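Accompanying notes for the structure given below.
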There are 2 protein chains.
Amino acid sequence: MATIKDVAKKANVSIATVSRILNNKEGFTEETRKKVMKTIEELGYHPNAVARGLISKRTNTIGVLVPRISSMLVSDMVTGIENVAHEAGTSVIVCHTESNGQKTMQYLHLLKEKQVDGIIFTSEVLLKDYYEFISRFNIPLVLLSTESINFQVPSVKVDDRLASYDAVEYLIGMGHRKIGMLSGNKKDMIAGMPRVEGFKMALETNGVEVEESLIEYGRGFSYEDGASGFERLFKRHSDLTAVFAASDEMALGMISKAHRMGISVPEQVSVVGFDNIAVSEMCIPALTTIAQPVQEMSERAARMMLDMINLNANVQSSAYPHRIVERESVKRLK
Amino acid sequence: MATIKDVAKKANVSIATVSRILNNKEGFTEETRKKVMKTIEELGYHPNAVARGLISKRTNTIGVLVPRISSMLVSDMVTGIENVAHEAGTSVIVCHTESNGQKTMQYLHLLKEKQVDGIIFTSEVLLKDYYEFISRFNIPLVLLSTESINFQVPSVKVDDRLASYDAVEYLIGMGHRKIGMLSGNKKDMIAGMPRVEGFKMALETNGVEVEESLIEYGRGFSYEDGASGFERLFKRHSDLTAVFAASDEMALGMISKAHRMGISVPEQVSVVGFDNIAVSEMCIPALTTIAQPVQEMSERAARMMLDMINLNANVQSSAYPHRIVERESVKRLK
DNA sequence: GCACAGGAAGTAAACGTTTACGTAAAATGA
DNA sequence: TCATTTTACGTAAACGTTTACTTCCTGTGC
């Protein structure tokens, strides 16, 4: 395989000159540039990024940690990040942590060894161990679709509490009073708790009594959680007219289960979801949901990362606006 | 940041010894091992994979090229590959080619510069340029969910023609005669043409006349393609009782459009899809479809890749069995 | 004609590892 | 006990770049 030395020898220049030419560093004439470029072409030479990385301490690579949540959400995030990263000449290594602490630590070690320029951590609680490891080595870090309460780390996310509040208020506006909630994991401080709080707040603010039994907690935010959760919820409250689901997948699970139980959506019970994943508009009835601009947010996170890396910038966390996407899963009560 | 030199100095040994210990290379006593490990711990030393990669010519990294097809399929593939790769201590760099030839070549250059140990190319036609570039540098290559007719490259995929044949024969078995097809891109030699051929073959074999107008070609395999395709198809043949869609997303698009047109699935028209993506069982009606064991296939591809890299093995292409997943989108005609 | 600025190019060190080779001491065998 | 093998470890080169420092040359101003 041709190296910079081969090019230098064949072109009768020093390797420094070749390097300068490749990096546009001034100190050569147009004539030698042409000559060198020609022999590069002839030899089919490609610079070795590993060698370059060794000396420049830059690998042009970032790591992205994703948990085992909705594969669609994850896919959107990775795509968004990868797009802007690639634009800037940097690659992304994906790491599926499966929400497993041990595996996550393993990945962090790996990424550190690989000398990634930065890490984007998504959709999960940033544990102390993670944070300490990352900051000990001064690796730039940004959080996507999550945030840290204990540590100061730039993040990109929507205001979950507020989004949830709006969703429920929307239902109330449509005439619903008896509203249930399909929540994710109770212990999730990011997407769990805040959404429940928003739910309660919306009810209270609008003078609807809050009953704990109207909230059904799931293991996670999956289709399965939504389906089984709804069954239990409905058993307790067969008179509810609407449900707010903490994720679109849960909403889909609920719709499916309702269908099987002979309950029609939205005629008998309305539902609004959360996330606006691609399929939410593909299903029947098309899902009314809270949209997170995931692609945009991901791109933002990537850009923040790049700024931290290249400009050593002190980036700010940014809250993204959610919005309600009205489709067909909510019925207006007279 | 601590390097191997720091460790060596602090532990009073040579760097060679530290290296040997870290790589289990024999040539040290248990005593010195303990001593060295202790100072590694104290210094918080982590080996630098870049330096290691430079000399060992191994980066423990592979590149995965994915096109802009169903984000769910892509997600499953990447997950499958990443899982087994990580198991073996290698990372994966994802590259979204967006089915863009120029961008793909860019990525190939990038991956070569980054000295990846191998490349997994998915779901797309392997162009001559791609192949030549990759093979010129002797980069191990495996194809996932695609294959090459002109070049000999190990691949993992299902037999599209056969799968398609089975799908259509299934419909015939359910009493359907007037069957339309929603195909993807006509020019796609991998997932386009073969599936159409399977469709025709099944009809012929079962004594049903084949009409070209029963086939509607799309731009790709998307939801949109399915929706608009069905509308045109139905305009030509309002008497069809079943449709075979070349992808689940297309099938979903069709169902949605049918719903809007006041046509009920499966009562008036049945449909079978292709892929068995996660949401196909979440929708209403749940989709009857041809399942490709994507996760399994992806894992297989990754394992093949690792074998090529580590054992220099001469791996064999493997065809994976598809199967029909019967759900609720097909009605039996008496 | 000379001092000197400035540009083009070369030299060599450095980045953090792995590893072939060398060496001294310990273990083995007779 | 001595010769020989084995073991534990050190030395230094190599991997393919970037870059600080140097050198050489051309041109400029006086």
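Just so you know, these numbers come straight off a predicted model, no measurement behind them. In the text below, chain A, chain B and the rest are named by the order of the sequence lines, each starting its count at 1.
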Task: Residue of the set B:R58, B:K112, B:K57 for which salt bridge (Lys or Arg N to Asp or Glu O under 4.0 Å) holds with B:D117 - done: B:R58
Open item on the list: Nearest whole Å is fine: how far is D:dC15 C1' from A:I4 CD1?
Closed with: 13 Å
Open item on the list: Is the shortest side-chain heavy-atom distance between B:L110 and A:N60 below 4.5 Å?
Closed with: no
Task: 5'-most by nearest nucleotide on DNA chain C - A:I15 or A:G27 - done: A:G27
TODO: Provide, to the nearest angstrom, the distance between the CZ atom belonging to B:R58 and the P atom belonging to C:dT19.
DONE: 12 Å
Open item on the list: Looking at C:dG10, I'd like to know if its phosphate oxygens (OP1 or OP2) sit under 4.0 Å from a side-chain N or O belonging to A:S14.
Closed with: yes
TODO: Figure out the CZ/C1' separation between A:F28 and C:dG10, and round it to whole Å.
DONE: 15 Å
Task: From D:dG16, C:dT18, C:dT19, nucleotide with atom closest to B:I55 side chain - done: C:dT18
- [ ] Just compare C:dT17, D:dA8, C:dA9 and give me whichever is closest to any side-chain atom of A:R20.
- [x] C:dA9
Open item on the list: For B:H109 and B:F133, I'd like to know if the aromatic rings sit close, meaning centre-to-centre distance below 6.0 Å.
Closed with: yes
Open item on the list: Heavy-atom nearest nucleotide on DNA chain C for A:A16 versus A:E26: which residue maps closer to 5'?
Closed with: A:E26
TODO: Let me know the distance between CG of A:N24 and P of D:dT19, rounded to the nearest Å.
DONE: 13 Å
Open item on the list: Determine whether a donor-acceptor pair (N or O, by modelled atom type, separation under 3.5 Å) exists between the side chain of A:T122 and the backbone of A:L65.
Closed with: yes
Task: Gap between atoms NZ and P, on A:K9 and D:dG16 respectively (whole Å) - done: 12 Å
Task: Per A:L54 side chain, nearest of listed nucleotides D:dG16, D:dT17, C:dA8 - done: D:dG16
Task: Below 4.0 Å: OP1/OP2 of C:dT18 and any side-chain N or O of B:S19 - done: yes
Task: Whole-Å distance separating the NZ atom of A:K5 from the P atom of C:dT11 - done: 13 Å
Open item on the list: Measuring to OP1 and OP2 of C:dG16, would you say a side-chain N or O of A:K57 lies under 4.0 angstrom away?
Closed with: yes
TODO: Please state whether the rings of B:F137 and A:H46 are parallel, tilted or perpendicular, taking 30° and 60° as the class boundaries.
DONE: perpendicular
Task: Side chain of A:R52 (C-beta onward), nearest among C:dA9, D:dT18, D:dG16 - done: D:dT18
Open item on the list: Check the phosphate of D:dT19 against A:K25, side-chain N and O only, distance under 4.0 Å to OP1 or OP2. Yes or no?
Closed with: yes
Open item on the list: Rounded to whole Å, how long is the line connecting atom CG of A:L22 with atom C1' of D:dT17?
Closed with: 10 Å
Open item on the list: What contact category does A:D6 fall into here, base, sugar-phosphate, or nothing, at under 4.0 angstrom with non-hydrogen atoms?
Closed with: nothing
- [ ] Assign B:V50 to base, sugar-phosphate, or nothing according to its heavy-atom contacts below 4.0 angstrom with the strands shown.
- [x] nothing
Task: Listed nucleotide nearest any side-chain atom of A:T17, set D:dT17, C:dA9, C:dT19 - done: C:dA9
TODO: Kindly indicate, with the supporting measurements, whether the criterion side chain to side chain donor-acceptor pair (under 3.5 Å) is fulfilled by B:S91 and A:K114.
DONE: CA-CA 9 Å; B:S91 326; A:K114 291 239 162 105; 2.4 Å; yes
Open item on the list: What's the closest nucleotide to the side chain of B:N48 if the choices are C:dG10, C:dT17, D:dG16?
Closed with: C:dT17
Task: For atom NZ of A:K112 and atom P of C:dG16, their distance in whole Å - done: 10 Å
Open item on the list: So B:S56, base contact, sugar-phosphate only, or nothing? Heavy-atom distance under 4.0 Å.
Closed with: nothing
TODO: Please tell me which of the listed nucleotides, C:dA9, D:dT17, C:dT19, lies nearest to the side chain of A:T32?
DONE: C:dA9
